[in-house]
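The first residue in the sequence is number 1, and the count goes up from there. Counting starts at 1 for both ligands and their atoms, following the listed order.
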Amino acid sequence: MHYYSTNNKKLHVDFKEATIKGQPLDKGLFFPAQIPQLKKDFINNIELLSKEDIAFEVIKPYVGNTIPDVDLKKIVSQTINFDFPLVGVTDSISSLELFHGPTLAFKDVGARFMSRCLSYFFKDANQKITVLVATSGDTGGAVAAAFFEVENVEVVILYPSGKVSSIQELQLTTLGKNIRAVEVDGSFDDCQRMVKQSFADKELNEQLFLTSANSINVARWLPQQFYYFFAWQQWQDKKVLPVIAVPSGNFGNICAGLLACHSGLPVQHFIAACNANDAVPDFFETEIYRAKQTVSTLSNAMDVGDPSNFIRVLELFNHDVESLKKMVTPYSIGDDETKQTIEELYSRQAYLPDPHGAVAYAALKDWLQFHPHLKGYFLETAHPVKFYDVVEPIIGKKIGLPSTIQMMLGKRNESVKMGANAELLKDYLLAGMKE
Ligand SMILES: *Cc1c(COP(=O)(O)O)cnc(C)c1O
């Protein structure tokens with residue numbers, strides 16, 4: 001299997017190169033040259049398989065011979081060592097809970113897989129790889145947890161002082177070991193500028209192997225297919241195929257689902273559930289893609305005005321908008337409806353969704369009203385406690401902190417403070433090498 005660039009079909013790199021590089025120099029995205037076809041047996045007898053077997057079968061063709069089977073099996077089982085339950089919510093709607101991992105959100109899956117692939121690729125190198133990230137909150141936590149104690153990899157995370165939530169700060173700063181947090185006296189933009197300048201610094205790149213843990217990396221994107229198969233394994237009535245609603249921001253998650261579907265996963269229909277950031281719903285209406293200004297909403301992980309993975313969706317459908325429309329219906333759900341949905345689900349079904357899951361539920365419920373013989377599930381992408389400030393006032397109750405967060409409360413903040421200056425970061429990175 002090789003990957004080309006969405007800007008250049010002639011480019012030809014394997015999984016290892018695509019993972020280490022992250023993005024082609026031409027600013028396109030890496031895309032698999034073939035879509036693997038899964039055997040009928042695999043789909044029809046999926047109940048007989050373990051989660052590990054399923055994930056291995058799905059990812060193997062994409063990895064090719066860049067990681068031997070024994071090592072890939074280890075990576076896969078470490079990636080998915082938590083539950084992915086499909087929970088009934090109403091007669092026709094279930095919730096695929098993707099928040100049972102270490103940072104309580106679905107991004108754990110992609111981040112854990114990527115960290116272990118990088119570790120494998122650098123096991124015989126004469127230097128470690130350094131992952132450098134700027135975060136305004138959540139991404140940093142998922143990356144820190146995913147890379148913690150992973151060998152051959154150092155992680156340096158920059159965050160703006162006083163501008164991340166206290167839970168997020170705990171997630172970034174208390175791990176220690178190979179995770180170093182830098183508290184920057186400046187804004188998120190300052191952090192990003194310092195990171196960008198480091199990637200462009202010739203001397204630094206001669207001494208260190210720097211990479212970003214970007215969300216468009218194929219090693220973060222492709223393993224997101226796993227849980228769509230885990231849902232199929234748990235799907236009760238296999239004669240009525242599921243309608244799947246995906247809360248969408250950058251469109252990586254739904255694109256992984258669509259890819260799984262092209263490989264043979266049985267799906268009735270997909271719903272791309274967006275908040276007020278409606279660049280994709282607009283595209284479906286006008287067939288002209290226009291990036292938009294990002295607007296802030298309650299489901300802030302989906303506040304994306306120009307979704308970078310949407311180009312992969314188009315590529316998957318060979319840019320044929322008619323066939324895309326047959327498989328996918330987009331929705332844009334506003335904050336008022338999101339709040340109402342959280343209230344309604346909690347009071348009537350005793351189910352508490354987070355704001356992202358609520359957007360997807362609202363869209364799915366609407367679609368099913370026009371297709372009453374069908375059933376579906378939505379992806380519950382985060383634990384509601386991560387958005388307690390939104391959820392608690394709506395339900396008028398406090399949500400208990402999960403044990404993963406409680407464990408961090410007494411731990412020491414190990415971050416270092418730094419001025420908003422790329423030269424200071426450079427000195428810090430170079431000094432870290434000599435230790
Ligand atoms: C990142 C994120 C999303 C959006 O996923 P994309 O792959 O960017 O579409 C949805 N919900 C939560 C909780 C997220 O963190």
Determine, for [X] against [Y], whether the closest basic-nitrogen to carboxylate-oxygen distance falls under 4.0 angstrom.
| X | Y | value |
| --- | --- | --- |
| Glu343 | Arg348 | no |
| Asp278 | Lys292 | yes |
| Lys365 | Glu344 | yes |

Among pairs that include at least one residue of residues 79-98, which meet ring pair (Phe, Tyr, Trp, His ring centres under 6.0 Å), considering only residues two or more places apart or in two chains?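 Found Phe82-Phe84, Phe84-Phe230.
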Would you confirm whether Arg312, through its side chain, and Leu29, through its main-chain N or O, come within 3.5 Å as a donor-acceptor pair?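 Checked: no pair found.
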Answer with yes or no after comparing the ring centroid distance for Phe188 and Tyr159 against a 6.0 Å cut-off, counting only values under it.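 Here the rings of Tyr159 and Phe188 have centres that are no less than 6.0 Å from each other.
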Please tabulate protein-ligand N/O pairs under 3.5 Å for ligand 1, atom names and distances to 0.1 Å.
| residue | atom | partner | partner atom | Å |
| --- | --- | --- | --- | --- |
| ligand 1 | 7 (O) | Gly252 | N | 3.3 |
| ligand 1 | 7 (O) | Asn253 | N | 2.9 |
| ligand 1 | 8 (O) | Asn250 | N | 2.8 |
| ligand 1 | 9 (O) | Gly249 | N | 2.8 |
| ligand 1 | 9 (O) | Asn250 | N | 3.2 |
| ligand 1 | 9 (O) | Phe251 | N | 2.9 |
| ligand 1 | 11 (N) | Thr381 | OG1 | 2.9 |
| ligand 1 | 15 (O) | Lys107 | NZ | 2.5 |

